[in-house]
Amino acid sequence: MRLLRLSGADPTATPDPVGDGAAIAEAAAVLRTRGLVAFPTETVYGLGAIARSPEAVARIFAAKGRPADDPLIVHVLPDWPLDTVVAAVSPVFAALAAAHWPGPLTLVAPKHPSIPGIVTADGPTVAVRAPAHPVAAALLAAVGEPVAAPSANRFSYVSATTAQHVVDDLGDAVDVVLDGGPATAGIESTVVAVEPGDDGERLVVLRHGALAVEDLTVELGIGVDVVDPDPDTRLAQSPGRLVRHYSPGTTTLACPAGATPPSDLPGRVCHLACDDDRAAVPGRWERRDLGSVAALDAVARDLYATLRAVDREGFDTIVVQLTGRGGLGAAIDDRLRRAASGRLLA
Ligand code: TXA
Ligand code: MG
């Protein structure tokens, strides 16, 4: 594995376009020869392979230990024609892409026949997104074709928001890791299916993420019906909704916002909560902070690094307190519930 540090990895360093360009060209060459490249996006780090190469994509599943029935997101540049990725670009799909790309929105639509079945878990639809991070965009421009990439973590573990997280998780299973500094949003993209509805098209939220669902259609100017589905009924459509996902190795339990967790948990217990939103917990529990509910963007940005750090501290149990907030809070709470494998206290 080669770790290539870009100048953006250190916010205090002088930008080095020539050195960065050479590293991106090297990574693009590795992708073209069917290799695996981990790269920063604005949400989390991705583990990329050429989407049109079933052999290269198979290496992603092997590196992550990811089951073949969990489909991947295809990454594109916003101005690429999509008629070789999706079967047809519908009006609502086009409007959402125009409004939110590049950015943390993944759109699911019927796939073009040229997308290999391994990318979509043999399903009829494909997930597509145009990432906003300059390194991801430069890598896509250098490769010149779509790149399939899941989050660059071991399957079901906490996602990677730094190059070091990728190295810790995947090591030599990856050919190149591009270090572009910590991901700024810190939580994955919002995944939305664009489907035929009773009256035109409708949107189904498959995964809450860095784009708040409240902001999805604000500037759209077209009437769409947004459905936030019951997680159980949509499990088959989006395996990322699996309840055990984004999980630390330490036993983790979630406590609803405002509720007081039971005090009888044995051993060393960590209470992980927003500092201004703490329930009353036994004095022997150790506090770790998620940040402030008044700054949920910072909570999202630091969430996975905090979960990874707390996981290394050797606690017997981690109790995470949900924020109960809307907007980004819905995505944060979704990840906290999954970190707890759906085990809800109180
Ligand atoms: O922010 C992100 O989305 C990051 C960066 C790297 O782009 N990627 C990411 O990929 O989170 P991954 O594989 O960890 O999560 C993709 C999610 C999963 O929940 C998967 O089940 C869902 O998208 N998905 C992918 N293709 C789908 C499809 N055709 N239909 C429904 N859900 C799909
Ligand atoms: Mg993932």
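All residue numbers in this chain count up from 1 along the given sequence. Nothing here was measured: the structure is a model prediction, and the numbers come from that model. First listed ligand is number 1; within each ligand, the first listed atom is number 1.
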Do you know the tightest heavy-atom contact between Ala160 and Ala152? CB-O, 3.5 Å

Answer with side chain, backbone, both or neither: which part of Leu206 has a heavy atom less than 4.0 angstrom from an atom of ligand 1? side chain

Could you check which of Ser189, Pro71, Gly48 puts a non-hydrogen atom nearest to atom 24 (N) of ligand 1? Pro71

With atoms numbered from 1 as shown, which atoms in ligand 1 lie under 4.0 angstrom from a non-hydrogen atom of His75? 5 (C), 6 (C), 7 (O)

Any donor-acceptor N/O pair, Arg284 side chain to Gly267 backbone, under 3.5 Å: yes

Other residues, nucleotides, ligands: >12 heavy atoms within 6.0 Å of Asp199 CG: no

Which ligand 1 atoms, with their elements, are less than 4.0 angstrom from a heavy-atom of Ala127? 25 (C), 26 (N), 27 (C), 29 (N)

Is there at least one pair of N or O atoms, one from Asp70 and one from ligand 1, spaced under 3.5 Å apart? yes

Between the side chains of Ser151 and Glu188, does any donor sit under 3.5 Å from an acceptor? no

Contact with ligand 1 for Arg66, non-hydrogen, under 4.0 angstrom: yes

Compute the shortest N/O to N/O distance between Glu188 and ligand 1 and return yes if it is under 3.5 Å, no if not. no

Tell me which one of Val108, Ile73, Ile60, Thr106 gets a heavy atom nearest to atom 16 (C) of ligand 1. Ile73

Taking the side chain as everything from C-beta on, heavy atoms only, tell me whether Arg129 gets closer than 4.5 Å to His75. yes

Whether Ser159 has an N, O or S atom under 2.8 Å from the Mg ion (ligand 2): no

Once you restrict to heavy atoms under 4.0 Å, what part of Arg207 touches ligand 1? Side chain, backbone, both or neither. side chain

Please determine, by modelled atom types, if Tyr304 and Asn153 share a side-chain donor-acceptor pair under 3.5 angstrom. no

Ser189 side chain to Thr43 side chain, donor-acceptor N/O pair below 3.5 angstrom: no

Check whether Arg335 reaches the backbone of His208 with its side chain - one donor and one acceptor, N or O, closer than 3.5 Å. yes

Winner among Pro40, Gly123, Ala210, Ser151 once heavy atoms are compared against atom 12 (P) of ligand 1: Ser151

Give the atoms of ligand 1, by number and element, whose distance to some non-hydrogen atom of Val44 is under 4.0 Å. 4 (C)

